[in-house]
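Quick caveat: nothing in here was measured; it's all calculated off a predicted structure. Both counts, for ligands and for their atoms, begin at 1 and track the order of listing.
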Amino acid sequence: MTKNISVLGSTGSIGVQTLDVARMHGIKVSALTANTSIELLEDQAREFKPDIVGVVDENAAKRLKIALGDTDIKVIGGEAGIIAAAQYEKANTVVNAIVGVAGMLPTLSAIDARKDIALANKETLVAGGSIVISEIKKAGIKLYPVDSEHSAIFQCLQGCPEKSLKKVILTASGGAFFGKSMDELKNVTVENALKHPNWSMGKKITIDSATMMNKGLEVIEASWLFDVEDKDIDVLIHRESIIHSMIQLKDNAVIAQLGTADMRIPIQYALTYPERLPSPAKELDLSEIAELHFAKPDYETFKCLALCREAPKKGGIYPAVANAANEVAVQMFLDEKIGFTDIAEIVEKALSDADFDKKNITLDDILWADKETRIKFRR
Ligand code: NAD
Ligand code: MG
């Protein structure tokens, strides 16, 4: 089957790199979407000639419609544009590169339309893991991880018999503030927090890396993707981001996936699986790197990581609460309304305030918890 993709969030860090991979391998792009940034979206549309382009912001959609007036490309505004792209008939794979829980309903729409999914949007699984995984099973579609750690685990698992997995070892760079004390973290600036040591990414995930919320979200993401319990997931600080993650098998053999820090490797694998095609990513030269370092995470200073590991144990809705509180807090930090350490405080308060003991949660429960948490903490 020829690959034909729809890229949700095409103007972001993962979206742009997905289009690099598509360009290199001549993968057909049938739909593109973005929130605003229509100049870039127009360039992408002119290059890849999709049939439809979705723009969440209605005014931006109107402007893009005029700009693309000389083409046959259909521009659809609002949430409807995202859903149309997620379900577009000609696409067989949907790349979800939207940031935040805004990506969850589009994922469910794509599953509903029986599209395979290349998932970068980890918030989909954090907030809605139980529902998303059960819908995927019912629809019989494939879910390919794009997050580098989860792609690494997926790559390591190739050829391993089912049930041979004992443990997942998620590596973490430690973000911009590794080794800092709580006191030192109190006065860090937005500019400092946005300086990731190894990866160039969107702002939200870069802040999540600095608080280590990102690794917490990834623990939950891994638990859904690989059906492993929290106790069987280790987080290991590895500053160089060369080993993207590891698995330990029942016989205690450990398998790791290594590479330069370039998201186009996991994106490409998600799109061309099981093929291994040439990549624009640089070759790895271990003799040049010479040393790899490992350490335990500091769960006390980087409280978000600990909070994310506790949230699912409190009940199915709590990861959605932690995620919503974090999304609101990160935006407030970026807007310089709160300090860096307030992010963890807000996530902690949201989790301790939430009161919900229903066992089998529904999509409505998740949407409700997300909305209530945002209303409560947004300033
Ligand atoms: P980004 O901010 O660079 O891009 C986000 C994209 O989503 C943009 O195209 C934007 O227009 C669109 N968007 C934003 N809000 C939206 C909304 N409400 N509805 C629809 N579209 C919206 O983000 P990113 O760094 O590319 O990250 C995207 C996702 O991939 C995140 O979930 C992130 O955690 C995950 N991820 C990113 C990286 C990375 O290297 N950037 C690595 C691993 C995982
Ligand atoms: Mg990651």
Exercise. Considering the options I153, I255, T171, which one meets the side-chain contact (heavy atoms from CB on, under 4.5 Å) requirement together with M246?
Worked result: T171
Just give me the atom name: the N, O or S atom of [X] closest to the Mg ion (ligand 2).
X    : answer
D147 : OD1
E149 : OE1
E218 : OE2

For ligand 1, is there an N or O atom under 3.5 Å from any N or O atom of [X]?
X    : value
S13  : yes
N35  : yes
I14  : yes
A34  : no
S37  : no
G100 : no

Note the single closest protein heavy atom to [atom], along with its residue, its atom name and the distance in Å.
atom                    : answer
atom 4 (O) of ligand 1  : G12 CA, 3.1 Å
atom 23 (O) of ligand 1 : V99 CB, 3.9 Å
atom 35 (C) of ligand 1 : A120 O, 3.1 Å
atom 17 (C) of ligand 1 : A102 CB, 3.8 Å
atom 36 (N) of ligand 1 : I205 CD1, 3.6 Å
atom 31 (C) of ligand 1 : I98 O, 3.8 Å
atom 9 (O) of ligand 1  : T11 OG1, 2.7 Å

Other residues, nucleotides and ligands only: do more than 12 of their heavy atoms fall within 6.0 Å of [atom1] on [X]?
X    : atom1 : result
K163 : NZ    : no
K142 : NZ    : no
D70  : CG    : yes
D335 : CG    : yes
K195 : NZ    : yes
D285 : CG    : yes
K74  : NZ    : no
D251 : CG    : yes

Taking 4.0 Å as the limit for heavy-atom contacts, which would you say applies to [X] with ligand 1: side chain only, backbone only, both, or neither?
X    : value
A97  : backbone
K203 : neither
V56  : side chain
K122 : both
S148 : neither

For this session: Evaluate the side chain to side chain donor-acceptor pair (under 3.5 Å) criterion for residues D365 and T362: first the C-alpha distance (whole Å), next the side-chain angles of each, then the deciding distance (0.1 Å), finally the verdict.
Result: CA-CA 5 Å; D365 295 330; T362 63; 3.1 Å; yes
Seminar exercise, completed: Closest heavy-atom approach to atom 32 (O) of ligand 1 among M201, E149, E123, R264 is made by E123
For this session: Give the single entry among S10, A261, G202 that approaches atom 25 (O) of ligand 1 most closely by any heavy atom.
Result: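 Selected option, by shortest heavy-atom distance: G202.
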Exercise. Any idea how F340 and F177 line up, ring-wise: parallel (<30°), tilted (30 to 60°), or perpendicular (>60°)?
Worked result: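 Rings of F340 and F177: perpendicular, as their planes differ by over 60°.
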Exercise. Relative to the ring of F154, is the ring of Y144 parallel (under 30°), tilted (30 to 60°) or perpendicular (over 60°)?
Worked result: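 The rings of Y144 and F154 stand perpendicular, inter-plane angle above 60°.
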Exercise. Would L68 end up clustered with F48 when hydrophobic side chains under 4.5 Å apart are linked, directly or stepwise?
Worked result: yes
Exercise. Does V126 share a hydrophobic cluster with I14, counting links as ILVMFWY side-chain heavy atoms below 4.5 Å and allowing steps through other members?
Worked result: no
Exercise. What atoms of ligand 1 come within less than 4.0 Å of a heavy atom belonging to D147?
Worked result: 43 (C), 44 (C)
Problem set entry | Atoms of ligand 1 close to M263 [distance to a heavy atom under 4.0 angstrom, numbered from 1] |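 With M263 as reference, the close atoms of ligand 1 come out as 40 (O), 42 (C), 43 (C).
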